[in-house]
Amino acid sequence: MKFVIIGRDGPEGEAKRKVHRAAHLANIELLDKQGRVALAGPLTDKAGSLLVLEFDTREEAEEFARRDPYTMHGVFESIEIHPFTQVFPTPR
């Protein structure tokens, strides 16, 4: 099942993002190699990041978000997680 994860940056998010970016990307790269990343990237208004990832359960999505370096090091001030059904582009 796909989940949308929206990480909202805290007041020092931009500065902390630079420090923890490599670890954050490595964390997502593991899922990407497994074909579980539909899309991921920063919001260009610097409000945070948007990820659409595949997990078997909501609990797995929550655990991933909790353990992400951006969460652990305070880049993200808050996180939203929502189940998601992809309509377009047509999933393969």
What I want to find out is whether Arg17 reaches Glu14 closely enough, with some N-O distance under 4.0 Å, to be called a salt bridge.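 Salt bridge between Arg17 and Glu14, a charged N being under 4.0 Å from a carboxylate O: no.
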Point-to-point distance, once rounded to the nearest 0.5 Å, from [atom1] of [X] to [atom2] of [Y]:
X: Phe55; Y: Leu31; atom1: CZ; atom2: CG; result: 5.0 Å
X: Leu50; Y: Arg8; atom1: CG; atom2: CZ; result: 9.5 Å
X: Ile5; Y: Asp68; atom1: CD1; atom2: CG; result: 8.0 Å
X: Ser49; Y: Ile6; atom1: OG; atom2: CD1; result: 10.5 Å
X: Arg66; Y: Ile81; atom1: CZ; atom2: CD1; result: 8.0 Å
X: Leu39; Y: Leu51; atom1: CG; atom2: CG; result: 8.0 Å

Test item: Ile28 and Phe64 side chains (from C-beta on) under 4.5 Å apart, heavy atoms: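 Counting from C-beta outward, Ile28 and Phe64 do come under 4.5 Å.
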Counterpart residues, side-chain hydrogen bond (donor to acceptor under 3.5 Å, both in side chains), relative to His82 (two or more places apart):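 Listed in chain order: Glu80.
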Is the ring pair Phe76/His24 parallel, tilted or perpendicular, if the boundaries are 30 and 60 degrees?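 Judged by the thresholds at 30° and 60°, the geometry between Phe76 and His24 is perpendicular.
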Transitively linked via ILVMFWY side-chain contacts under 4.5 Å: [X] with [Y]?
X: Met1; Y: Ile79; value: yes
X: Leu43; Y: Val52; value: yes
X: Val4; Y: Val75; value: no

I need the minimum non-hydrogen distance between [X] and [Y], along with the two atoms involved.
X: Arg67; Y: Met72; answer: O-SD, 3.0 Å
X: Asn27; Y: Pro69; answer: ND2-CD, 3.9 Å
X: Ala61; Y: Phe3; answer: CB-CG, 3.9 Å
X: Pro91; Y: Gln86; answer: CG-O, 3.8 Å

Just wondering, more than 12 heavy atoms not from Arg58 lying within 6.0 Å of its CZ?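 Yes, because the 6.0 Å sphere around CZ of Arg58 holds more than 12 heavy atoms from other groups.
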